[in-house]
2 protein chains.
Amino acid sequence: MARRNDHSREEIREMALEAAEQLVSEQGPGAFSARKVAGAIGYTVGTLYLVFDNLDDLILQMNARTLDRLHGRMLQARIQCRNSREALLRLGETYIRFADEDPHRWEMIFGHRTAEGEKTPEWFQQKVARMFALVEAVMQPLAKRRSAPEIAQAARALWGGVHGICILALTDKLGVAGVQSVQDLAQSLINNYLEGFTRQ
Amino acid sequence: MARRNDHSREEIREMALEAAEQLVSEQGPGAFSARKVAGAIGYTVGTLYLVFDNLDDLILQMNARTLDRLHGRMLQARIQCRNSREALLRLGETYIRFADEDPHRWEMIFGHRTAEGEKTPEWFQQKVARMFALVEAVMQPLAKRRSAPEIAQAARALWGGVHGICILALTDKLGVAGVQSVQDLAQSLINNYLEGFTRQ
DNA sequence: ACAATAAATGAACGTTGTTCAATATCGCCT
DNA sequence: AGGCGATATTGAACAACGTTCATTTATTGT
């Protein structure tokens with residue numbers, strides 16, 4: 001038995017999330033199970049339930065970390081750009097590259113089904129919202145005469161679009177091969193959408 | 001025991017798919033299980049495995065039927081339109097309405113993860129491809145000076161986009177309420193993309 | 001040293017997908 | 001009509017799953 005107080009609750013939480021991430025990342029969502037995560041950190045199932053409400057909770061917290069990392073990368077990408085148009089394209093590129101580099105971890109965020117009655121908690125929703133807010137902020141200077149709600153809508157339409165391309169491509173439903181093709185699709189979507197949105 | 005030859009293999013197949021669809025539709029993907037499907041048609045688990053390779057096979061065939069229905073609706077929608085632009089918008093509307101009317105069944109198509117090593121069979125891929133081909137056909141007359149590969153790419157970018165809006169909205173990740181808002185997003189995407197794609 | 005306290009366990013339960021020997025029923029032939 | 005061979009159907013069995021919680025174990029305070 002792992003010695004008591006070997007690790008604090010917070011440490012166990014961290015270890016479990018780390019192990020879960022590695023498991024999903026390397027062996028796919030199917031390889032993920034409570035016993036495997038527990039085993040990987042030298043504890044048993046029961047311990048996990050002292051730290052997480054249930055497996056859904058663990059997955060949600062794991063996804064939150066992934067989402068944080070994605071958001072960080074997107075923030076970073078934006079800084080390196082001179083103008084808004086370039087920034088938007090780079091955001092798209094970053095999003096797709098992130099998904100491609102670790103498809104399993106990314107799929108976990110958007111593929112995981114929350115149990116029937118349950119709804120995604122507020123704090124998680126906000127992490128997703130934060131991403132749209134970022135897109136919104138970048139789009140703002142591109143269409144100055146548009147109202148705030150209009151821009152909010154445009155950001156959602158466009159980013160929903162980028163997301164769709166990404167998910168269909170990664171699950172081999174688009175009939176395109178290679179990351180570059182996916183990047184091209186996304187750039188095409190962004191460029192053309194922007195063309196229409198900014199012009200009229 | 002169900003009397004022998006009560007139903008042909010083909011009949012059992014049909015009954016099982018019907019029952020599975022109803023189960024998923026009414027109680028969500030979580031309620032779906034081999035024993036439940038078998039029970040619903042008055043047989044036992046074993047019988048299902050005489051008709052389907054495994055549960056993934058059953059799900060795949062169920063999804064194929066859903067995809068066929070969706071394709072049918074999209075074909076029908078196109079016919080009722082005068083010009084291509086209107087047709088494309090109607091296609092988007094039809095797609096989203098279909099997903100909204102039976103979200104569980106629709107989610108099953110795109111949310112279902114095929115087991116790690118396995119890849120989606122050719123015949124299924126083609127049913128998805130058929131949908132893109134339809135979009136392509138509708139876009140053709142809208143940009144006559146574009147090459148065929150360009151149009152193929154555009155169709156995938158655009159429809160990937162519509163799909164993304166649809167899936168994010170249905171899983172409550174877009175922060176929009178009501179089907180109409182989703183429809184608006186999709187129309188915005190299509191209109192603006194088309195604006196850019198046809199103009200330059 | 002010992003009792004009180006709390007961390008960690010792991011057996012237990014119900015469910016899952018999948019398999020396959022056993023069983024029940026049919027159609028056919030004498 | 002009766003029985004037999006063929007086969008459609010069963011359901012017990014298996015391993016693995018999420019989840020719970022009485023039991024066990026290590027640590028701490030006195």
Side-chain angles (χ1 to χ4, degrees), chain A residues 1-17 19-21 23-24 26-63 104 108 111-118, chain B residues 1-17 19-21 23-24 27-63 104 108 111-118 121:
Chain A
M1 156 149 93
R3 304 248 312 288
R4 164 175 154 171
N5 284 353
D6 249 14
H7 306 97
S8 70
R9 237 128 237 237
E10 189 48 47
E11 282 171 328
I12 292 180
R13 193 190 94 100
E14 190 66 22
M15 290 161 61
L17 289 173
E21 281 169 358
L23 209 57
V24 167
E26 292 176 2
Q27 305 185 238
F32 177 86
S33 88
R35 285 170 178 83
K36 283 204 189 113
V37 172
I41 62 171
Y43 282 85
T44 56
V45 256
T47 305
L48 279 188
Y49 284 83
L50 298 173
V51 179
F52 301 97
D53 295 344
N54 48 49
L55 270 212
D56 260 23
D57 182 32
L58 195 166
I59 291 172
L60 211 62
Q61 297 199 35
M62 176 174 96
N63 287 344
H104 289 146
M108 208 69 181
H112 177 65
R113 280 198 249 298
T114 148
E116 193 54 12
E118 306 296 310
Chain B
M1 160 146 96
R3 304 252 308 289
R4 166 175 156 171
N5 285 351
D6 249 15
H7 306 97
S8 70
R9 238 132 237 233
E10 191 47 48
E11 282 172 328
I12 292 180
R13 194 189 95 99
E14 190 67 21
M15 290 161 62
L17 289 173
E21 281 168 358
L23 209 57
V24 167
Q27 304 185 237
F32 177 86
S33 87
R35 285 169 178 83
K36 284 204 189 113
V37 172
I41 63 170
Y43 282 85
T44 56
V45 256
T47 304
L48 280 189
Y49 284 83
L50 299 174
V51 179
F52 302 97
D53 295 343
N54 48 48
L55 269 212
D56 260 22
D57 182 34
L58 196 165
I59 291 173
L60 211 62
Q61 297 199 35
M62 176 173 95
N63 287 343
H104 289 146
M108 209 68 180
H112 176 63
R113 279 198 251 297
T114 147
E116 194 55 11
E118 305 296 311

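Throughout, protein chains are lettered first and strands after them, A, B, ... in sequence-line order, and every chain is numbered starting at 1.
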If I take atom [atom1] in residue [X] and atom [atom2] in nucleotide [N], what distance separates them, rounded to the nearest angstrom?
{"X": "A:F52", "N": "D:dT19", "atom1": "CZ", "atom2": "P", "value": "13 Å"}
{"X": "A:E118", "N": "D:dT19", "atom1": "CD", "atom2": "P", "value": "11 Å"}
{"X": "B:L50", "N": "C:dA22", "atom1": "CG", "atom2": "C1'", "value": "14 Å"}
{"X": "A:L48", "N": "C:dA7", "atom1": "CG", "atom2": "C1'", "value": "14 Å"}
{"X": "A:L55", "N": "C:dT16", "atom1": "CG", "atom2": "C1'", "value": "15 Å"}
{"X": "A:D57", "N": "D:dG18", "atom1": "CG", "atom2": "C1'", "value": "14 Å"}
{"X": "A:H7", "N": "D:dA26", "atom1": "NE2", "atom2": "C1'", "value": "15 Å"}
{"X": "A:Y43", "N": "C:dA7", "atom1": "OH", "atom2": "P", "value": "11 Å"}

Partners meeting salt bridge (charged side-chain N to carboxylate O under 4.0 Å, His left out) with A:E14 (sequence neighbours left out):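 Scan of A:E14 (salt bridge (charged side-chain N to carboxylate O under 4.0 Å, His left out), adjacent residues dropped) gives A:R65.
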
Can you name the nearest heavy-atom pair linking A:M62 to A:L17, along with the distance?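 Closest approach of A:M62 to A:L17, heavy atoms only: N-CD2, 3.7 Å.
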
Go through residues 33-41 of chain B and report each residue with a non-hydrogen atom lying under 4.0 Å from DNA chain C, sorted by number.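 The stretch gives B:S33, B:A34, B:R35, B:K36 as the residues lying under 4.0 Å from the strand, ordered by number.
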
Could you pull out all residues at least two apart from A:T44 that satisfy side chain to side chain contact (heavy atoms under 4.5 Å, CB included)? A:T47

With sequence neighbours excluded, what pairs up with A:A38 under the side chain to side chain contact (heavy atoms under 4.5 Å, CB included) test? A:L48

Name the pairs: protein N/O against N/O of nucleotides 20-23 of chain D, kept only if under 3.5 Å.
none

Any residue meeting side chain to side chain donor-acceptor pair (under 3.5 Å) with [X], in chain and number order, not counting sequence neighbours:
{"X": "A:Q27", "answer": "none"}
{"X": "B:E11", "answer": "none"}
{"X": "A:E10", "answer": "A:R13"}
{"X": "A:N54", "answer": "none"}

Kindly compute the distance separating CD (A:E21) from CZ (A:F32), expressed to the nearest 0.5 Å. 10.5 Å

Keeping B:D56 on the side-chain end and B:T114 on the backbone end, is there a donor-acceptor pair under 3.5 Å?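 Checked: no pair found.
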
Under 4.0 Å, counting only non-hydrogen atoms across every strand here, what does A:L58 touch: a base, just sugar-phosphate, or nothing? nothing

Taking five pairs at each end of the helix from C:dA1-D:dT30 to C:dT30-D:dA1, what angle separates the two helix axes (nearest 10°)?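 Terminal axis comparison yields 30°.
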
Does any pair with a residue in residues 28-37 of chain A pass side-chain hydrogen bond (donor to acceptor under 3.5 Å, both in side chains), and if so which ones, sequence neighbours excluded?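 Non-adjacent pairs meeting side-chain hydrogen bond (donor to acceptor under 3.5 Å, both in side chains): zero.
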
